[in-house]
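Following: one structure in structure tokens, then a few remarks.
All values reported here derive from a predicted model rather than from experimental measurement.
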Amino acid sequence: MGNIKLKDSLLNGFSFTELLKEYAVDPSDFTIQDEQLILSEKKLLNKETIKEKVIIVGKGKDGLVSFYGTLHYNLLNKLAVFELDSVDQTNSQVA
């Protein structure tokens, strides 16, 4: 299970890549908070799918963007869908 790439699975979905574009977040520059915990062996034991509340943080052209929502992940097909609840943008000022 250690070779699962949750980010890659999310990027395979059209709606997630469109969400990143909408907020000007580079697809190579986002992290899924607690990804290692979500994908831990113990949690995935005998499961085909997981559903987990997550925070995805990406860097946009104007600062950090936090996406709050639910991650649905099918382990057999390695398909992931992110269901957005809310977005928070933190503008960074460059001195």
(request) Answer yes or no: is there a side-chain heavy-atom contact under 4.5 Å between D34 and I32? (result) no
(message) Can you confirm whether V81 sits close enough to F16 that some side-chain heavy atom of one is under 4.5 Å from a side-chain heavy atom of the other?
(response) no
(message) Is any side-chain heavy atom of D62 closer than 4.5 Å to one of Q89?
(response) no
(message) Less than 4.5 Å apart, side chain to side chain, heavy atoms only: is that true for L75 and T49?
(response) no
(message) Does any part of the side chain of L19, heavy atoms only, come nearer than 4.5 Å to the side chain of F67, both counted from C-beta?
(response) yes
(message) Using every non-hydrogen atom in the two residues, find where K7 and E35 come nearest and quote the distance to one decimal.
(response) N-OE2, 4.0 Å
Under 3.5 Å donor-acceptor pairs involving side-chain atoms of residues 21-31, not counting sequence neighbours:
| residue | atom | partner | partner atom | Å |
| --- | --- | --- | --- | --- |
| K21 | NZ | E18 | OE2 | 3.3 |
| D26 | OD1 | S28 | N | 2.9 |
| D26 | OD1 | S28 | OG | 2.9 |

(request) Kindly write out the residues that satisfy side-chain contact (heavy atoms from CB on, under 4.5 Å) with D88, not counting sequence neighbours, or none if the list is empty. (result) S66, Y68, T90
(message) Which residues pass the side-chain contact (heavy atoms from CB on, under 4.5 Å) test with D8, not counting sequence neighbours?
(response) K5
(request) Walk me through it: do I56 and L10 pass the test side-chain contact (heavy atoms from CB on, under 4.5 Å)? (result) CA-CA 11 Å; I56 297 174; L10 271 174; 3.9 Å; yes
(message) So, using side chain to side chain donor-acceptor pair (under 3.5 Å) as the criterion, who are the partners of D85 when residues are at least two apart?
(response) K53
(message) When you compare the side chain of I50 with that of N74, does any pair of heavy atoms fall below 4.5 Å?
(response) no
(message) Under a 3.5 Å distance rule, please check whether S9 uses its side chain to pair with a backbone N or O of K78 as donor and acceptor.
(response) yes
(request) Would you name the heavy atoms of T17 and L11 that are closest together and state the gap between them? (result) CG2-O, 3.2 Å
